[in-house]
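Working notes, beginning with the structure itself.
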There are 2 protein chains.
Amino acid sequence: MRDATLRDVAELAGVSARTVSNVVNGYAPVTEPTRVKVEKAIKELGYRPNVLARNLANGRSGQIAVVVPFLDVPYFSELLQAIIPRARERGYHVLIDQTDGDAAHERELIRRGARAALFDGMIYSPLGLAQEDLAESDPTFPLVLLGERSSNAFFDHVGIDDVEASRAATAHLIGLGRRRIAAIGDQPYPTGEAAQLRTLGYRQAHADAGLPVDESLIIQTLRFNRADGAAAMRALLDRDDPPDAVFGYNDTVALGALHEVLERGLRVPEDIALIGYDDIEEGRYANPPISTISPDKDAIATTAVERLLMRIDSKEPLPGIEVRASHRLIARQSTVGRAAPA
Amino acid sequence: MRDATLRDVAELAGVSARTVSNVVNGYAPVTEPTRVKVEKAIKELGYRPNVLARNLANGRSGQIAVVVPFLDVPYFSELLQAIIPRARERGYHVLIDQTDGDAAHERELIRRGARAALFDGMIYSPLGLAQEDLAESDPTFPLVLLGERSSNAFFDHVGIDDVEASRAATAHLIGLGRRRIAAIGDQPYPTGEAAQLRTLGYRQAHADAGLPVDESLIIQTLRFNRADGAAAMRALLDRDDPPDAVFGYNDTVALGALHEVLERGLRVPEDIALIGYDDIEEGRYANPPISTISPDKDAIATTAVERLLMRIDSKEPLPGIEVRASHRLIARQSTVGRAAPA
DNA sequence: CTGAAAGCGCTAACAC
DNA sequence: GTGTTAGCGCTTTCAG
């Protein structure tokens with residue numbers, strides 16, 4: 001049997017479509033008796049509004065897209081886990097896409113998606129796209145960018161203070177007496193901004209302590225995964241002058257490095273201390289548990305959704321703002337050893 | 001400026017809407033000259049079909065929903081990572097939702113989602129829902145269930161042979177000479193079917209080897225996460241007769257257990273051997289790397305999408321089939337120790 | 001407070 | 001081949 005439509009309900013209740021619509025959406029005030037009549041008809045027919053039609057009529061899709069480079073990177077799935085309920089609270093469904101860091105795909109998403117009416121706005125964690133690409137895109141499209149970046153006048157950015165966090169992570173290592181600290185995850189190309197900020201923090205910490213930076217200890221990786229971390233560590237350990245500490249630009253990289261260190265029979269943190277970035281659950285259960293920079297993921301998720309909906313609802317384009325969520329350093333066994341409190 | 005519509009294009013090209021639609025969708029044969037004219041007009045106006053309108057018109061949303069209990073469980077995100085591209089290849093977008101194992105929410109999704117026209121079908125990894133709940137739902141709704149389950153006449157199931165895989169995992173431990181093998185992750189309640197199948201395999205392996213099962217070694221957990229695994233292990237190690245091996249019902253549970261074992265200063269696998277289930281990347285980089293049952297995730301993803309689209313395209317309801325993807329046991333250091341090949 | 005009716009942008013019979 | 005046109009199901013202006 002065909003699904004019941006608004007019109008069917010109206011007919012059964014003996015009112016007009018307009019009234020049914022009002023009841024369903026709680027719009028205009030409706031007299032109690034008609035409300036009851038309509039609701040009875042709705043129940044009787046098992047009526048459910050067709051979202052598609054509703055969206056077509058009012059030009060909204062009721063969906064927001066969240067685009068991340070890789071879904072299986074724990075940081076992103078943990079963030080998504082926080083974003084989805086926030087969006088749902090506000091009546092939005094979340095369309096998820098992963099780009100594998102493919103710039104063409106990312107550009108395509110931004111450009112087409114909006115016009116296609118598939119989603120009303122987008123929360124986007126860029127990887128392949130450089131600032132210039134973004135500048136070209138339609139400034140009226142509701143877009144919130146994840147991660148700190150050099151400012152862009154049109155879109156919002158939500159992230160933590162990468163330079164400061166990285167400085168703190170490095171300083172933590174320096175404070176522990178380490179002097180040959182490797183940094184794994186630098187990315188020199190235009191799309192590696194987040195990585196570059198971390199490198200900046202790493203340098204600052206050295207400068208603050210009056211220590212020189214051994215450029216050969218700054219290792220570049222293409223992605224931010226376990227395999228890259230392990231490969232970088234392998235190279236580092238094969239050198240005549242291996243490092244005595246490692247700052248991984250995210251936890252996954254740090255965990256890959258940790259794996260390699262232990263594989264070689266070295267001790268953590270005695271021989272090599274390790275700190276990561278992101279505070280994914282996996283790091284808490286690693287052996288040993290790794291120290292890390294813990295961004296306030298809930299705040300990031302909440303703010304990103306908030307800002308996006310604000311942009312969607314706003315008639316005129318809002319200026320882009322920069323939101324900094326808080327973060328803190330969590331020292332675990334991988335830097336301070338067994339004695340330390342978890 | 002208002003976005004260009006089909007009608008605008010038709011006007012500019014001097015043809016009817018019908019023709020433009022034909023060109024856009026490549027439906028009916030169109031003469032070369034008109035095709036060119038229309039395409040030129042499309043380009044000139046920057047026309048993009050409005051997906052919403054198209055969907056409303058032909059009653060399809062072009063979206064499929066993938067519903068998992070928890071997004072931050074690596075197994076699910078790895079699976080999603082495989083599903084998304086498969087769906088995209090077939091022209092579908094993926095709407096992701098997580099239920100937190102909340103039965104009410106899961107039921108709601110199945111019931112409303114379809115009628116709401118938000119998605120054309122659903123790939124669903126049940127957790128809170130029991131078979132009875134599913135039986136009540138509309139059998140014409142295109143639905144593919146993830147994970148092995150006792151058969152249901154209406155829907156497809158895609159998974160690996162849980163009993164056999166669990167038997168193999170347990171037998172692996174027995175073959176290594178272990179005799180007090182704990183099983184962590186049993187779930188006795190109606191919605192814990194997958195867990196129960198694993199327990200069955202665990203028992204079978206013991207029966208095959210002529211070994212008795214110590215019921216007190218079968219530990220129940222509410223969820224399948226690291227914390228649960230760690231808690232279960234803690235209890236196990238506090239006993240006078242701790243186990244000499246552990247079969248974790250998934251890798252996360254096993255990793256939680258591993259963490260606890262090492263925390264106590266015990267050696268793996270010498271004191272306690274550990275095997276997990278799912279083969280998530282995290283397990284390969286754990287210290288030591290954990291042995292596991294590796295399901296063919298790509299096959300699962302591909303089959304699930306395939307079957308779902310088949311159901312969506314089919315006019316009459318298809319009978320439910322049971323698809324078994326392959327799996328294999330991967331022995332790593334957590335059971336066979338250092339000497340073994342990775 | 002409620003009814004009538006005009007779309008939202010596209011698809012697909014039904015003609016020509 | 002291509003034009004005409006009636007919907008898809010809902011929202012919403014404009015009357016009343």
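In the text below, chain A, chain B and the rest are named by the order of the sequence lines, each starting its count at 1.
- Considering only side-chain N and O atoms, A:T19 lies under 4.0 angstrom from the phosphate OP1 or OP2 of C:dG3.
- Partners of B:E11 by salt bridge (charged side-chain N to carboxylate O under 4.0 Å, His left out), not counting sequence neighbours: none found.
- In this view, A:A57 satisfies the side chain to side chain contact (heavy atoms under 4.5 Å, CB included) rule with no residue, not counting sequence neighbours.
- Counting to the nearest Å, the C1' atom of D:dT4 and the CG atom of B:N22 are 13 Å from each other.
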| Tell me, what's DNA chain D's dot-bracket, Watson-Crick or G-U with both distances under 3.5 Å, | for other-strand, [ ] crossing? | ||||||||||||||||
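- In this entry the distance linking CD of B:E11 with C1' of C:dG9 reads 15 Å, nearest Å.
- A close approach under 4.0 Å does occur between a side-chain nitrogen or oxygen of A:T31 and OP1 or OP2 of C:dT2.
- OP1 or OP2 of C:dT11 sits under 4.0 Å from a side-chain N or O of B:R54.
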| task | Evaluate the criterion side chain to side chain contact (heavy atoms under 4.5 Å, CB included) for residue pair B:K43 and B:K40; output intermediate values, then yes/no. | result | CA-CA 5 Å; B:K43 185 152 294 172; B:K40 182 157 159 294; 5.9 Å; no
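- Going from atom CG of B:L52 over to atom P of D:dC10 covers 14 Å, rounded to whole Å.
- For C:dC1, the OP1/OP2 oxygens have no side-chain nitrogen or oxygen of A:T34 closer than 4.0 Å.
- Minimum heavy-atom separation, B:S21 to B:L6: N-CD2, 4.0 Å.
- Atom P of nucleotide D:dT2 and atom CZ of B:R35 are separated by 11 Å, given to the nearest angstrom.
- Residues B:R90 and B:E306 are paired through a salt bridge, judged by an N-O separation under 4.0 Å between the basic side chain and the carboxylate.
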Output side-chain donor-acceptor pairs under 3.5 Å for residues 67-80 of chain B, partner residues at least two apart or in another chain, one line each.
residue, atom, partner, partner atom, Å
B:D72, OD1, A:Q81, NE2, 3.0
B:D72, OD2, A:Q81, NE2, 2.6
B:S77, OG, B:P74, O, 3.2
B:E78, OE1, B:K297, NZ, 3.0
B:E78, OE2, B:E281, N, 3.0

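- A salt bridge between B:R60 and B:D313 is present, with a side-chain N of the basic residue lying under 4.0 Å from a carboxylate O of the acidic one.
- The CG atom of A:L118 sits 14 Å away from the C1' atom of C:dG9 (whole-angstrom rounding).
- Within the 4.0 angstrom heavy-atom criterion, no nucleotide atom of any strand lies near A:V24.
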| task | Assess whether side chain to side chain contact (heavy atoms under 4.5 Å, CB included) is satisfied between B:L118 and A:Q63, documenting all intermediate values. | result | CA-CA 10 Å; B:L118 245 188; A:Q63 298 187 146; 3.3 Å; yes
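- B:N55 places its CG atom 16 Å from the P atom of D:dC10, with the value rounded to the nearest Å.
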Review item, nucleotides 5-8 of chain C N/O atoms under 3.5 Å of protein N/O:
residue, atom, partner, partner atom, Å
C:dC8, O2, A:A57, N, 3.3

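- The shortest distance between the side-chain N/O atoms of A:S16 and the OP1/OP2 oxygens of C:dA4 is not below 4.0 Å.
- Among residues two or more places apart in sequence or in another chain, the side chain to side chain contact (heavy atoms under 4.5 Å, CB included) test is passed with B:L56 by A:A53, A:L56.
- Nucleic acid contact class of B:N25 (heavy atoms, under 4.0 Å, all strands): sugar-phosphate only.
- Note: CG (B:L6) to P (D:dG3) measures 12 Å, nearest angstrom.
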